[in-house]
Amino acid sequence: MSIYDSLNKEQKEAVMHTEGPVLILAGAGSGKTRVLVHRIAYLIDEKGVPPYNILAITFTNKAAGEMRERVDKLVGFGADQVWVATFHATCVRILRRHIDLLGYDTNFTIYDTDDSKSLMKQVFKNIGIDNKQLREKTVLGVISAAKDELIDENEFEKTASDYVEQRIAACYKEYQKLLRDSNALDFDDIIFKTVTLFKTHPEVLDNYNERFRYIMVDEYQDTNTAQFELVRLLAQKYRNLCVVGDDDQSIYKFRGANIRNILDFEENYDDAFTVKLEQNYRSTQNILDAANSVIRNNYARKDKALWSDRGSGKLLHFRQFDTAYEEAEYIADDIAKAVKKGETTYSECAVLYRTNAQSRLLEEHFVKNGIPYNLVGGVNFYDRKEIKDMLAYLRMVDNAKDDLQVKRVINVPKRGIGQTSVDKVTDYAYRNGLTFFEACETADSIPTLGAAAKKIMAFANMIRVMRASVGDYGLNGLINDIIDKTGYVKELEESDEDDAKDRIENIYELVNKIVDYEENEPDAGLSGFLEEVALVSDIDGIDDSMPRALLMTIHAAKGLEFERVYLAGCEDGVFPSYLSIACEDDSELEEERRLAYVGITRAKDEFTATYARCRMNRGEIQYNPVSRFLKEIPKELIDNRLPGERRQWTDDFASIPQKEVSVAKVKPVALTKGMGIKKADKLDYTVGDRVRHVKYGVGTVLNIEDDVKDHKVTVEFDGTGKKIMYAMFAKLEKV
DNA sequence: CGTAGTTTTGTTTTT
DNA sequence: CAAAACTACG
């Protein structure tokens with residue numbers, strides 16, 4: 001009896017094929033983490049590979065943590081020597097040792113998206129770009145995409161063809177310069193710089209080639225070009241590369257993930273050994289059949305079909321509502337009822353949706369029904385203002401070149417140092433080749449500053465003293481000193497804002513985290529703490545000590561499983577998103593379909609899809625047809641009845657032949673048909689007419705725009721002023 | 001310099 | 001409908 005007896009035939013093959021390139025195509029719920037963990041154990045116990053020579057890379061900290069735990073359990077002695085980490089954590093660890101070879105200090109700071117945006121604002125100022133012509137976000141998006149493709153600022157400049165691209169190239173250059181001046185890396189740099197390091201310093205790479213003789217990569221379908229290249233380099237010498245993934249679960253194309261990395265693995269490594277894991281240990285056959293019949297409509301995929309020996313189970317449920325409000329009400333109610341009946345526990349329930357914006361209504365109803373829940377995503381703990389402020393102080397102390405943090409908190413709490421003064425110091429620093437902080441230290445020599453100079457120097461002095469004392473009083477001492485000397489909490493205590501109390505609590509929560517960290521990692525220090533904070537994601541923070549239902553996007557749910565799953569907002573225009581429908585390229589729609597596949601396969605026993613005929617979006621009411629993905633599920637698998645409910649759309653749903661729907665391409669224009677409300681051919685009023693609205697009273701029509709769906713009417717109301725509304729809902733009457 | 005009040009703008013998805 | 005960005009005033 002060995003630990004490998006519990007594996008099925010394919011799993012065993014995957015575990016025992018240890019040499020050379022291996023591709024494991026692991027369907028949802030097919031036990032891929034189990035396979036990886038057993039493979040690590042097999043390498044160590046049966047093949048005598050030193051744990052030190054094994055590397056396992058994941059995408060999320062949660063996945064890494066889970067694998068770490070299971071490896072520790074299964075392997076026992078030496079397990080801690082196995083390197084299990086995320087892509088980003090792996091690269092940061094490597095860079096902390098060697099990045100000086102690329103001209104950065106090894107105590108570099110990691111910038112999050114917020115920091116990058118602030119930095120880009122500075123870039124716009126420096127090179128004179130009006131943010132009305134070009135948005136920071138757009139430019140950052142282009143730069144990020146370039147970095148994912150390993151295109152640096154110089155190469156980008158060379159290939160920039162039109163004017164806009166040239167401007168972006170200029171931004172990219174300045175942005176990288178500012179990053180370097182601040183000794184900071186953004187998220188994409190972490191991977192990019194590691195690849196650069198390996199390419200420019202073969203001796204460093206060789207060192208890691210020797211170390212990592214056996215490499216395993218989880219969620220391989222989500223790798224982008226930079227990550228692909230990183231893995232290729234790491235594995236190039238011994239070629240013992242085992243990648244695990246599921247092309248049907250590739251849902252991060254928008255972040256640069258290249259599905260071809262997994263589809264073409266066998267071409268890139270022509271001696272690759274491939275195993276398919278198709279037996280699912282998670283869901284009932286009905287749920288799998290539904291998922292299979294949806295994903296079957298995708299073109300770009302490797303053929304496979306999940307099966308289960310768990311039996312067919314219950315039917316999937318489909319529930320329709322007039323409004324998103326009723327939808328949320330039903331879901332909350334249904335969970336509450338099921339828990340009351342003892343059918344499930346809160347922690348076995350999850351509500352999934354396409355966009356974070358949908359969480360609000362659900363949350364409201366969960367509160368109303370007293371259901372304990374956790375919202376994953378939305379505002380991350382570390383994204384709260386007060387936490388970011390505290391972190392800015394910490395980061396400022398940690399990295400003297402990080403001007404961004406200095407600017408963030410120089411007037412938080414209020415010290416009477418306004419924007420004008422900050423601009424003057426920035427200007428002075430720029431002209432004299434100083435960092436912003438250095439300029440602050442010598443503020444008295446900036447003539448135009450006047451009374452503010454004294455205040456600025458006092459601030460600089462405070463930070464200097466803190467920096468000098470970190471070594472003496474440790475992290476806990478530092479954070480308390482910051483709270484004390486800045487008077488941040490004091491200001492909150494005296495404030496009469498209603499969320500002041502929460503914020504103070506959050507700050508003390510951060511103090512707790514710091515104390516915890518210091519106890520667990522006594523040698524890591526401030527940089528270590530900040531690094532950990534920079535690399536955590538939303539999903540990592542889930543506290544599963546309490547039984548709580550989870551609300552999250554489908555993206556966030558990848559890799560998780562629940563007894564009961566609710567998929568909310570199953571509407572064409574919401575899921576699949578409007579953009580993916582309108583887009584010419586059907587690869588967008590295929591990505592959405594994979595998302596649907598991920599959503600459905602999260603469920604073990606019960607799956608409920610809900611649909612709201614109309615919902616509020618961006619202050620406008622939207623009417624949407626039932627999601628095309630639901631129509632791809634054979635109707636025998638779905639229980640589609642709800643006693644006492646209206647059946648109008650039910651019939652519509654059932655009457656559409658399955659085949660026709662899955663093959664037919666429904667163009668967005670066609671979608672507006674059959675929606676129940678038709679656009680009026682002609683309105684009985686025109687520009688300049690006086691009209692009456694039920695709520696706003698009488699006004700003058702300023703403009704009428706002919707949209708695809710409806711006429712967009714602008715009216716200047718006598719009482720309330722200008723309003724833009726759709727003719728079909730506004731029901732305006734000529735007077 | 002700080003604020004309150006006003007206008008504008010935006011939505012996928014996130015390591 | 002919010003949040004963010006702007007504007008005008010004390």
Side-chain angles (χ1 to χ4, degrees), chain A residues 57-64 85-92 110 112-114 116-118 121 131-132 135-138 140-141 144 147-148 186-191 218-219 222-224 226-227 250-257 324 352-361 376-380 383 385 411-424 449-452 455 534-540 552-559 569 573-583 588-589 591-592 594-596 598-599 615-622 721-722 724:
Chain A
I57 305 182
T58 64
F59 268 82
T60 65
N61 295 301
K62 191 179 159 89
T86 63
F87 267 103
H88 292 269
T90 299
C91 289
V92 168
I110 299 162
D112 65 19
T113 357
D114 249 38
S116 296
K117 210 180 155 202
S118 310
K121 273 190 188 151
N131 79 341
K132 276 181 187 95
R135 259 162 219 300
E136 287 96 353
K137 233 179 108 183
T138 319
L140 283 169
S144 173
K147 286 181 177 179
D148 286 346
D186 69 12
F187 255 112
D188 305 306
D189 278 341
I190 294 174
I191 313 285
D218 195 10
E219 306 279 14
D222 287 333
T223 51
N224 60 33
Q227 288 158 340
S250 163
I251 53 175
Y252 285 105
K253 190 179 157 221
F254 70 94
R255 215 176 55 202
L352 311 183
Y353 37 80
R354 181 66 241 270
T355 64
N356 276 309
Q358 290 168 253
S359 68
R360 186 184 300 267
L361 268 180
V376 182
V379 213
N380 191 324
D383 282 340
K385 183 185 178 295
N411 201 30
V412 183
K414 306 256 169 337
R415 296 188 179 88
I417 307 169
Q419 193 55 51
T420 0
S421 302
V422 171
D423 287 345
K424 282 175 190 162
L449 224 43
K455 300 174 192 165
L535 297 177
V536 295
S537 72
D538 294 328
I539 195 83
D540 302 325
M552 65 186 123
T553 62
I554 309 166
H555 282 90
K558 195 165 76 157
V574 175
F575 185 38
S577 77
Y578 177 72
L579 281 117
S580 68
I581 301 170
C583 171
E588 300 266 330
L589 195 63
E591 174 131 331
E592 297 274 319
R594 290 193 290 271
L595 204 49
V598 170
R615 70 173 65 235
M616 191 78 118
N617 202 334
R618 279 216 257 163
E620 269 170 9
I621 298 165
Q622 270 184 0
K722 210 156 67 177
I724 300 169

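Just the heavy atoms: all of them, side chains too, but no hydrogens, waters or symmetry mates, feed the values below. Below, chain A is the first sequence line, B the second, and so on; all start at residue 1.
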Next on the checklist: Reading DNA chain C in the 5' to 3' direction, which nucleotide is the first one with an atom under 4.0 Å from a heavy atom of chain A, and which is the last?
Outcome noted: C/dC1 to C/dA5

Item to check | A/D218: side-chain contact (heavy atoms from CB on, under 4.5 Å) partners, not counting sequence neighbours | outcome: A/K32, A/L36, A/T58, A/M67, A/V244

Checklist entry - For A/Q358, which residues count as a side-chain hydrogen bond (donor to acceptor under 3.5 Å, both in side chains) partner, sequence neighbours excluded? => result A/T355

Checklist entry - Please, what dot-bracket string fits DNA chain B when only Watson-Crick and G-U pairs with both distances under 3.5 Å count, crossing ones use [ ] and pairs to another strand use |? => result ||||||||||.....

Item to check | Residue list, side-chain contact (heavy atoms from CB on, under 4.5 Å) with A/A257, at least two apart or on another chain | outcome: A/Y252

Item to check | ring-ring contact (aromatic ring centres under 6.0 Å, His included) partners of A/Y353, counting only residues at least two apart | outcome: none

Checklist entry - In chain order, what residues pass the side-chain hydrogen bond (donor to acceptor under 3.5 Å, both in side chains) check against A/R415, with sequence neighbours excluded? => result A/Y393

Item to check | Partner residues of A/S118 under the side-chain hydrogen bond (donor to acceptor under 3.5 Å, both in side chains) criterion, sequence neighbours left out | outcome: none

Checklist outcome for this item: Sorted by chain and residue number, the salt bridge (charged side-chain N to carboxylate O under 4.0 Å, His left out) partners of A/D148 (sequence neighbours excluded) come out as none

Checklist entry - By side-chain hydrogen bond (donor to acceptor under 3.5 Å, both in side chains), which residues pair with A/K424, not counting sequence neighbours? => result none

Item to check | Closest to the A/K137 side chain, choosing from B/dT11, B/dT15, B/dT14 | outcome: B/dT11

Checklist entry - A/H88: what forms a ring-ring contact (aromatic ring centres under 6.0 Å, His included) with it, not counting sequence neighbours? => result A/F187

Collect all protein-nucleotide pairs involving nucleotides 2-9 of chain B in which both atoms are nitrogen or oxygen and the distance is under 3.5 Å.
from	atom 1	to	atom 2	distance (Å)
B/dG2	OP1	A/G416	N	3.4
B/dG2	OP2	A/N411	ND2	3.3

Checklist entry - Do we see A/F254 stacking on the base of B/dT14, given a limit of 5.5 Å between centres and 30° between planes? => result no

